[in-house]
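We count residues from 1, following the sequence as given.
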Amino acid sequence: MRDSSPVEDSKCPSALSKAGRWACGVSALWLAAGFTLSPMAHGQGLIQDAQGWVYVNDEGKPILRPFIYDNGPDYFEEGLARFVSKGKMGFHDQALNIQIPARYDFAFPFVHGIAKVGMDCEFIPDGEHRSVNCKQWETISNPLSGRRTLLAK
């Protein structure tokens, strides 16, 4: 008996596991529907839907939406990347575990174990980019670094 995948006649290698064939078939379906899917990592994939980029689990269910930087998902710095939820920013690790909940209007990436985060922010268009002006800034510690910093305003 043959394992069924979303696309029976896809070009998915038969040597892939059942989950791998499923992900490969889903990739073909997403591409046929006009969506983009990145390779699966840690059991998740990255697709682009009508609302933008979103990480999904191996069943295609949304997990979280990355902050978009340089026309794609945010880069990982010191093991964390930024994500957006309900208009706020937080940080997640590579397994998509939320390490810092989305509670900031804006956040810079971590550098040397600290990140500058802002509240009550205004975004100012500047050509294809935007600058940010926040009324309140704080410094937070990277929970993965084991280093603690005092919150500074």
Side-chain angles (χ1 to χ4, degrees), residues 5-7 17-153:
S5 71
V7 178
S17 67
K18 184 176 180 180
R21 284 191 308 278
W22 185 92
C24 184
V26 167
S27 297
L29 281 176
W30 281 103
L31 290 172
F35 295 99
T36 304
L37 178 67
S38 75
M40 301 295 262
H42 298 285
Q44 300 92 17
L46 180 63
I47 66 167
Q48 194 172 20
D49 65 10
Q51 297 173 28
W53 292 100
V54 61
Y55 285 103
V56 295
N57 64 17
D58 59 359
E59 296 173 354
K61 294 182 182 172
I63 300 171
L64 59 79
R65 292 195 177 273
F67 172 68
I68 303 304
Y69 182 78
D70 260 352
N71 299 318
D74 193 29
Y75 302 107
F76 283 89
E77 297 290 342
E78 299 186 16
L80 297 175
R82 297 169 287 180
F83 75 97
V84 180
S85 178
K86 298 179 184 171
K88 300 289 184 178
M89 293 177 75
F91 292 86
H92 67 88
D93 62 22
Q94 291 184 358
L96 303 184
N97 298 310
I98 294 174
Q99 295 293 327
I100 299 173
R103 59 178 159 240
Y104 305 104
D105 289 339
F106 186 79
F108 283 101
F110 281 94
V111 176
H112 304 298
I114 59 171
K116 190 174 177 181
V117 295
M119 295 298 293
D120 197 12
C121 300
E122 173 186 18
F123 296 92
I124 304 151
D126 184 18
E128 68 179 85
H129 302 284
R130 304 182 298 169
S131 59
V132 63
N133 182 21
C134 299
K135 291 182 181 176
Q136 180 183 357
W137 289 100
E138 296 179 359
T139 302
I140 61 171
S141 298
N142 184 337
L144 302 182
S145 71
R147 180 177 152 196
R148 295 281 174 217
T149 2
L150 293 174
L151 293 179
K153 295 194 179 197

Heavy-atom closest contact ([X] atom, [Y] atom, distance):
| X | Y | value |
| --- | --- | --- |
| Phe91 | Phe108 | CZ-O, 3.5 Å |
| Leu96 | Leu64 | O-CD2, 3.9 Å |
| Pro62 | Val54 | CB-CG2, 3.9 Å |
| Val132 | Trp137 | CG1-CH2, 4.3 Å |
| Pro109 | Glu77 | CB-CG, 3.8 Å |

Original post:
Any side-chain donor paired with an acceptor under 3.5 Å for Gln136 and Asp120?
Top reply: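 No, no side-chain donor-acceptor pair sits under 3.5 Å.
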Once you round to the nearest 0.5 Å, how far does [atom1] of [X] lie from [atom2] of [Y]?
| X | Y | atom1 | atom2 | value |
| --- | --- | --- | --- | --- |
| Phe123 | Cys134 | CZ | SG | 6.0 Å |
| Leu80 | Leu144 | CG | CG | 4.5 Å |
| Met119 | Tyr104 | CE | OH | 8.5 Å |
| Leu46 | Arg65 | CG | CZ | 10.0 Å |

Do [X] side-chain atoms and [Y] backbone N/O form a donor-acceptor pair below 3.5 Å?
| X | Y | result |
| --- | --- | --- |
| Glu78 | Gly113 | yes |
| Arg82 | Pro66 | no |
| Asp70 | Gly72 | no |

Subject >> Ring centre gap for Phe76 and His92 strictly below 6.0 Å >> reply: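 Under 6.0 Å, so yes.
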Original post:
Under 6.0 Å between the ring centres of Tyr55 and Phe83?
Top reply: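 Centroid distance Tyr55-Phe83: not below 6.0 Å, so no.
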**OP:** Verify the neighbour count for atom CZ of Arg130: are there more than 12 heavy atoms of other residues, nucleotides or ligands below 6.0 Å?
**Re:**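 Atom CZ in Arg130 is not crowded, with 12 or fewer foreign heavy atoms closer than 6.0 Å.
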Subject >> For Met89, the option from Asp105, Ile100, Val117, Val84 that meets side chain to side chain contact (heavy atoms under 4.5 Å, CB included) >> reply: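 Considering Asp105, Ile100, Val117, Val84, a side chain to side chain contact (heavy atoms under 4.5 Å, CB included) with Met89 is found only for Val84.
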